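Hydrogens, waters and symmetry mates play no part in the numbers below; they use all other heavy atoms, side chains included. Keep in mind that this is a model prediction, so the values were computed, not measured.
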Amino acid sequence: MSVRSRFAPAPSGELHVGGARTALFSWLFARHTDGTFVLRIEDTDRDRVTPEAIEGVQEALAWLGIDWDEGPGVGGDYGPYIQSERMETYRAAAERLQGSGRAYLCYCAPEELEERRKRAIKRGQPPGYDGRCRNLSDEERATFEAEGRPAALRFATPGTDVTVRDLIRGEAHFPASDLNDFVILRSDGTPTYLLAAAVDDHEMKMSHVIRGEDLFSSTPRQMLILEALGASPPEYAHLPLIVGPDRQPLSKRHGSVSVEWFRDQGFLPEAMINYLALLGWSLDEHTTFVTRDGLVEHFDLTRVSHNPAAFDIEKLEWMNGHYVREMPVEELAERLVPFFERAGVEADLELLREAVPLVNERIKLLSEAVEMLRFLFEEEIVPNEKARKLLEKAGREYVASVVAALEALDDWTAESIHRALDTAAEAAGLSRTKGWQPVRAAVTGSNISPPLPESLELLGRERTLARLRAAALS
RNA sequence: GGUCCCAUCGUCUAGUGGCCCAGGACACCACCCUCUCAAGGUGGAGACACGGGUUCAAACCCCGUUGGGACCA
């Protein structure tokens, strides 16, 4: 039987990196086994899920290079793949359960439940549902109905222990005493997560359910539902959570955690994939860089860690820098264009291509190239604090001598510029560092820049001299 | 409170009884290279939560403690 695995996000508009990691592992498992990967949108909990929110998740996945064989946008034999469009399926399943006596109507109001729960805790008893409506007499039920009480549908747990077999964690036993009757259909007729997910995993013929560990304890209840429906459960694999530096589950509290944000910062999808794959999984004892194809080839659920993994953005940045350096110049230039555009800097693609070798090993994020190269594309240079100090210290005379040395050049190449700068510095009795820094300041407006002679060559003779002359006058 | 899961350097991890006085990577420190910033090179510091067992031998197996987390609301 071939593998069918899925990713089933609740669309909040953005894809969380934790969700991305879950999606990645499930996707890798499907691709590794030549199986089918399904995307399903779980939106029954939300009051309003906009089409844009669903769109956002799809875009983020696509950007990461995670594609799906069935789901929104591509269809498939078991659709629709958006839960809010499958309400009839859940209602039918609920009716079947009710018809076979595996579910019953519960008229308890939230306040009553809360009250009884508190009392149970006070008496040292478990706080779960006490099963009160399970054995209502016909009269009682008629009374409640006559009162117009809203009713939820509860699953009647069979009172047996449940053993969950997990591909990552092994076996876990859940005693019957902890499995009380839970709601599967709310009084407004919408299904709970437990029902919808269980029904869909069955209807969509999922062979493997790979998801976050936060759903681990809901597994026995989903297995119970499946069993009552006469369906056999899929294989389960629960992934460790991704946590923040404080070891709490990663969330917005930790700053921006959406895939979209990382994309906008200039992280590369290949770096994200590589980093995320290594968060809770390893290929062997030494491999750090793995391509998407390499991951597909080697991915293995048995090598997934059991521990929650802390998200380390510094390591991600380092890895991104690696991929930036590895990228062909041509491609990197093209990928940088949108960042210049967004910053309002008009970057000539030809010039950018020539400048890329100067910055590719100096940036970790694509967005950083803008500040580093802005002096090449903008006419107005506004020197920063440190640049002003450098120029002040060097003095007009020295700057003028540099102008003279550069003016005298026959050819405008990095090598000749290099020599001229040295000559000027030497004549002034300055070290290379001391002699070049004021030039850097005058031309780039900063104390930090790509290599100087090469930068001046790209800037061109006229613009370089103009900036130096301006500095010599001020 | 109950149930379940988890526990190796600050972080991600390798490790499935002897190859481990614990290996790699990020970060950190020092030095080298060097026009700034990077990148790169070399070296360094840094961990088996604790306590009991089992065994000739335990990071690895068992029990307990402690600590984290998830879920039940």
Using atom [atom1] of each nucleotide, how far apart are [N] and [M] to the nearest Å?
| N | M | atom1 | value |
| --- | --- | --- | --- |
| B:C19 | B:A58 | C1' | 15 Å |
| B:C71 | B:G15 | P | 29 Å |
| B:A45 | B:C28 | C1' | 9 Å |
| B:U54 | B:C62 | P | 15 Å |
| B:A27 | B:A38 | P | 12 Å |
| B:A59 | B:A49 | C1' | 12 Å |
| B:U13 | B:A30 | P | 29 Å |
| B:C21 | B:A47 | C1' | 13 Å |

Does the gap between the ring centers of [X] and [Y] come in under 6.0 Å?
| X | Y | result |
| --- | --- | --- |
| A:Phe289 | A:Trp318 | yes |
| A:Phe216 | A:Tyr236 | no |
| A:Phe7 | A:Trp27 | no |
| A:Phe340 | A:Phe377 | yes |

In whole Å, what is the span from the [atom1] atom of [X] to the [atom2] atom of [N]?
| X | N | atom1 | atom2 | answer |
| --- | --- | --- | --- | --- |
| A:Arg165 | B:C4 | CZ | P | 16 Å |
| A:Arg221 | B:C4 | CZ | P | 14 Å |
| A:Glu326 | B:A39 | CD | C1' | 12 Å |
| A:Tyr323 | B:A39 | OH | C1' | 17 Å |
| A:Phe182 | B:G2 | CZ | P | 23 Å |
| A:Leu452 | B:U34 | CG | P | 17 Å |
| A:Met327 | B:A39 | CE | P | 18 Å |
| A:Glu361 | B:G40 | CD | P | 8 Å |

When you get a sec, tell me which of [options] is the closest nucleotide to the side chain of [X]?
| X | options | answer |
| --- | --- | --- |
| A:His286 | B:A25, B:G2, B:G24 | B:G24 |
| A:Arg325 | B:G40, B:C35, B:A70 | B:G40 |
| A:Ile448 | B:A39, B:G2, B:U36 | B:U36 |
| A:Arg362 | B:C37, B:C35, B:A39 | B:C37 |

Using a heavy-atom cut-off of under 4.0 Å over every strand shown, decide if [X] touches base, sugar-phosphate, or nothing.
| X | value |
| --- | --- |
| A:Ser218 | nothing |
| A:Pro245 | nothing |
| A:Pro450 | base |
| A:Gln248 | sugar-phosphate |

_Let me confirm one number: the OG-CD1 distance from A:Ser251 to A:Ile242, rounded to the nearest 0.5 Å._
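One finds 12.5 Å between OG of A:Ser251 and CD1 of A:Ile242.
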Watson-Crick or G-U counterpart of [N], or none if no pair lies under 3.5 Å:
| N | answer |
| --- | --- |
| B:U16 | none |
| B:G10 | B:C26 |
| B:U65 | B:A49 |
| B:A70 | B:U3 |
| B:G40 | B:C32 |
| B:C21 | none |

_For A:Leu283, is there any backbone N or O sitting under 3.5 Å from a side-chain donor or acceptor partner on A:Thr287?_
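Absent.
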_So does A:Ala271 get a backbone contact from the side chain of A:Asn320, meaning a donor-acceptor N/O pair under 3.5 Å?_
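Not a single qualifying donor-acceptor pair exists.
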*Look at the rings of A:Phe311 and A:Tyr275 and say which category their plane angle falls in: under 30° parallel, 30 to 60° tilted, over 60° perpendicular.*
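Geometry flag for A:Tyr275 against A:Phe311: perpendicular rings.
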*Should we say atom CD of A:Glu331 is surrounded by more than 12 heavy atoms from elsewhere, each under 6.0 Å from it?*
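Atom CD in A:Glu331 is packed in, count exceeds 12.
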*Distance under 6.0 Å and angle within 45° of the ring axis: does A:Arg221 meet both against A:Phe182?*
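Satisfied, under 6.0 Å and within 45°.
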*Heavy atoms under 4.0 Å is the rule here; annotate nucleotides 5-21 of chain B 5' to 3' with B where the base is hit, S where only the sugar-phosphate is, and - elsewhere.*
SSSS--SBSSS------
*Kindly say if A:Trp436 contacts the phosphate of B:C35, meaning a side-chain N or O under 4.0 Å from OP1 or OP2.*
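For B:C35, neither OP1 nor OP2 has a side-chain N or O of A:Trp436 closer than 4.0 Å.
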*Take A:Thr433 and A:Leu241, find for each the nucleotide of RNA chain B with the closest heavy atom, and name the residue whose nucleotide sits nearer the 5' end.*
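In this pair, the answer is A:Thr433.
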